[in-house]
Amino acid sequence: MRIKVFRFVLFIVGLLFCLPILAVILGALKSDRELMTALLPVIGAGGGKISWHLLPLYPTAKHFIKLLFYTPEFFTVFWNSMKIVACILAGQLFVAVPAAFGFAKFSFRGKNALFMAYVILMLMPFSVMMLPSYLVLDRVNLMNTHWAVILPAVFSTFPVFLMYRGFKAIPKELYEAARIDGAGEWQIFFTIGLPLGSPGILSALVLGFLEYWNLVEQPLAFLEDPSLWPLSLYLPEIHLAKAGMALAASVVTLLPAVFVFFMGQDYLEQGIVASGMKE
């Protein structure tokens with residue numbers, strides 16, 4: 001009986017958390033007149049209270065049609081986001097994976113201090129690192145380019161920390177057995193480290209996609225040309241007269257993140273469990 005009550009409570013709480021998303025999806029199907037009437041007291045100059053019906057009175061798909069077929073700038077920012085996220089994740093595979101494997105497998109002087117520095121950098125907010133990053137990027141003439149957003153994220157310390165825990169969970173006996181069989185260090189890395197450490201790698205990629213798909217501060221600080229902006233900076237530019245397109249764009253923006261999350265949910269759970277294991 002208690003289990004049923006507990007599940008019912010969880011269902012209600014989960015439903016409350018899903019209501020804003022449901023409101024956005026159904027709001028994108030409302031007509032301009034209905035949205036204007038509902039949002040004018042909040043966004044416009046009118047007074048009074050908002051009147052929001054969850055279900056649209058006159059459903060229409062014209063906002064999606066206009067967005068996807070008659071708004072070329074939307075595709076520009078969409079592909080900007082795809083380019084930025086893809087380059088960041090690809091760069092992290094080449095940088096973070098070997099670094100995490102090295103921290104987990106090898107012992108060297110200053111290892112703990114260096115790893116502690118990684119953890120400290122991981123905890124620093126962007127507002128602390130913004131000025132040093134700006135000065136470095138300006139010095140190497142990368143400001144107002146996508147590389148100004150990509151390169152700092154490629155060398156982020158968070159994926160190293162997450163992947164490190166996954167590699168650390170691999171028994172040392174496997175490395176020793178492979179070495180006895182004549183395997184070299186690179187062979188051990190590709191045949192043992194990568195397959196067994198894949199949950200941590202994939203969970204870092206999933207979390208990375210969800211984070212970098214919604215970047216706001218970095219592109220806002222380093223990109224001046226609106227044609228270079230990612231999708232996360234496109235939405236705030238839409239005002240009340242285009243509220244329907246804003247809701248439709250929000251739905252389209254949400255779809256890749258939801259798809260990636262559900263595709264990598266199992267790996268994400270395994271990676272989080274591995275990252276919580278003690279050494």
**Residues that Lys62 engages under side-chain hydrogen bond (donor to acceptor under 3.5 Å, both in side chains), provided they are two or more places apart** = Asp32
Excluding sequence neighbours, so at least two apart, what forms ring pair (Phe, Tyr, Trp, His ring centres under 6.0 Å) with [X]?
| X | answer |
| --- | --- |
| Phe190 | none |
| Phe64 | none |
| Trp147 | none |

Using side-chain contact (heavy atoms from CB on, under 4.5 Å) as the criterion, list what pairs up with [X], not counting sequence neighbours.
| X | value |
| --- | --- |
| Leu255 | none |
| Tyr58 | none |
| Glu211 | none |
| Ala23 | Trp52, Leu54 |

**Request:** Give every residue pair that meets the salt bridge (charged side-chain N to carboxylate O under 4.0 Å, His left out) criterion with at least one member in residues 217-229, sequence neighbours excluded.
**Result:**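 Not a single pair qualifies under salt bridge (charged side-chain N to carboxylate O under 4.0 Å, His left out).
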**Complete:** In short, salt bridge (charged side-chain N to carboxylate O under 4.0 Å, His left out) pairs touching residues 7-21 with sequence neighbours left out are none
**Message:** Closer than 3.5 angstrom, by distance alone: can the side chain of Trp213 be matched with the main-chain N or O of Ala257 as a donor-acceptor pair?
**Reply:**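 Between the backbone of Ala257 and the side chain of Trp213 there is no qualifying donor-acceptor contact (under 3.5 Å).
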**Prompt:** Between the side chain of His146 and the main-chain N/O of Asn80, is any donor-acceptor distance below 3.5 Å?
**Reply:** no
**Request:** On the 0 to 90° scale, with breaks at 30° and 60°, tag the Trp186-Phe189 ring pair as parallel, tilted or perpendicular.
**Result:** perpendicular
**Request:** Give the ring-plane orientation class for Tyr164 versus Phe115, where under 30° counts as parallel, over 60° as perpendicular and anything between as tilted.
**Result:**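 Tilted: the ring planes of Tyr164 and Phe115 meet at 30° to 60°.
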If every non-hydrogen atom of [X] is compared with every non-hydrogen atom of [Y], which pair is closest and at what distance?
| X | Y | result |
| --- | --- | --- |
| Leu162 | Leu207 | CD2-CD1, 3.7 Å |
| Ile170 | Gly193 | CD1-O, 4.0 Å |
| Phe155 | Leu151 | CD1-O, 3.2 Å |

**Message:** According to salt bridge (Lys or Arg N to Asp or Glu O under 4.0 Å), who are the partners of Lys83, at least two apart in sequence or on a separate chain?
**Reply:** none
What pairs of donor and acceptor atoms, side-chain ones from residues 84-106 against any protein atom, are under 3.5 angstrom apart with sequence neighbours left out?
unit_1: Gln92; atom_1: NE2; unit_2: Ala153; atom_2: O; d: 2.9
unit_1: Gln92; atom_1: NE2; unit_2: Tyr212; atom_2: OH; d: 3.0
unit_1: Lys105; atom_1: NZ; unit_2: Glu185; atom_2: OE1; d: 2.6

**Request:** Evaluate whether atom CZ of Phe126 has more than 12 neighbouring non-hydrogen atoms of other residues, nucleotides or ligands under 6.0 angstrom away.
**Result:**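 Atom CZ in Phe126 is crowded, with more than 12 foreign heavy atoms closer than 6.0 Å.
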**Message:** Please determine whether residues Leu220 and Val136 belong to a single hydrophobic cluster, defined as Ile, Leu, Val, Met, Phe, Trp and Tyr linked transitively by side-chain heavy-atom distances below 4.5 Å.
**Reply:**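 Different hydrophobic clusters.
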**Asked** For the hydrophobic clusters of this structure (ILVMFWY residues joined by side-chain heavy atoms under 4.5 Å, transitively), does one cluster hold both Phe69 and Phe75?
**Response** yes
**Message:** Just verifying a value: how many Å separate Gln218 CD and Leu137 CG, rounded to the nearest 0.5 Å?
**Reply:** 11.0 Å
